[in-house]
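Within every chain, numbering begins at 1; the chains are lettered A, B, ... in the order of the sequence lines, protein sequences first and strands thereafter.
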Amino acid sequence: MKSFNERCYSLLKKVPRGKVTTYKEIAHALKTRAYQAVGNAMRNNPYSPEVPCHRVVKSEGSIGGFRGEKTGKVISDKISMLRKEGIIIENKKIKNFEKKLFTF
DNA sequence: GGAGTGACTTTTT
DNA sequence: GAAAAAGCCACTC
């Protein structure tokens with residue numbers, strides 16, 4: 001039985017490049033309301049590059065908080081990466097969020 | 001088995 | 001509109 005976390009990772013991997021998803025959607029896809037549990041899974045993030053944690057945002061379209069990989073990384077860098085993938089970030093918020101939102 | 005934590009969400013002040 | 005509090009679920013110690 002895979003842990004709840006691994007399911008989150010699997011779903012995250014399904015997110016195509018240039019799209020984003022929300023913690024809420026993931027939790028809903030898993031038939032649960034463990035929004036924070038999803039965040040927990042991301043925080044553990046055993047799959048650094050395979051799981052695009054930066055593609056997961058809050059329900060409002062804001063970036064939320066990311067840990068980067070080490071203490072030096074900040075959210076700003078992740079935003080740049082998202083922008084490179086085709087996602088427009090404006091003032092820590094995703095532009096055209098609804099269009100970029102990927103649902104399961 | 002119980003208490004604490006968390007990269008959240010929603011409602012209310 | 002922004003900030004704070006409460007609520008919720010799963011994981012870890």
Problem - From B/dC8, B/dG6, C/dC9, nucleotide with atom closest to A/Asn40 side chain - result: B/dG6
Exercise for the section: Report yes or no: does A/Lys100 contribute a side-chain atom to a donor-acceptor pair with the main-chain N or O of A/Gly86 at less than 3.5 Å? Expected result: yes
Exercise for the section: Would you indicate what A/Arg43 reaches in the nucleic acid, counting non-hydrogen atoms under 4.0 angstrom: base, sugar-phosphate, or nothing? Expected result: base
Practice task
Hey, which sits more toward the 5' end of DNA chain B by its nearest nucleotide, A/Glu60 or A/Asn44?
Solution key: A/Asn44
Handout entry: Atom-to-atom span, CZ of A/Phe4 to C1' of C/dT12 - whole angstrom
Key = 15 Å
Exercise for the section: State whether A/Asn5 places a side-chain N or O below 4.0 Å from either non-bridging phosphate oxygen (OP1 or OP2) of C/dC11. Expected result: yes
Exercise for the section: Answer yes or no for A/Lys58 and A/Tyr35: cation-pi contact, defined as NZ/CZ to six-membered ring centre under 6.0 Å and angle to ring axis within 45°. Expected result: no
Problem - OP1 or OP2 of C/dA10 under 4.0 Å from side-chain N/O of A/Ser3 - result: no
Exercise for the section: Output yes when at least one side-chain N/O atom of A/Lys24 is less than 4.0 Å from OP1 or OP2 of B/dT10, else no. Expected result: yes
Exercise for the section: In whole angstrom, give the distance that lies between atom CZ of A/Arg33 and atom C1' of C/dC9. Expected result: 10 Å
Practice task
Report the distance from atom CZ of A/Phe66 to atom P of B/dG6, rounded to the nearest whole Å.
Solution key: 17 Å
Handout entry: Presence of A/Thr32 side-chain N/O under 4.0 Å of C/dC9 phosphate oxygens OP1/OP2
Key = no
Exercise for the section: Of all the heavy-atom pairs spanning A/Ser62 and A/Val57, show the shortest one and how long it is. Expected result: O-CB, 3.2 Å
Handout entry: Sugar-phosphate only, base, or nothing, as touched by A/Tyr23 at under 4.0 Å among non-hydrogen atoms
Key = base
Practice task
Report yes or no: does A/Asn44 contribute a side-chain atom to a donor-acceptor pair with the main-chain N or O of A/Asn40 at less than 3.5 Å?
Solution key: yes
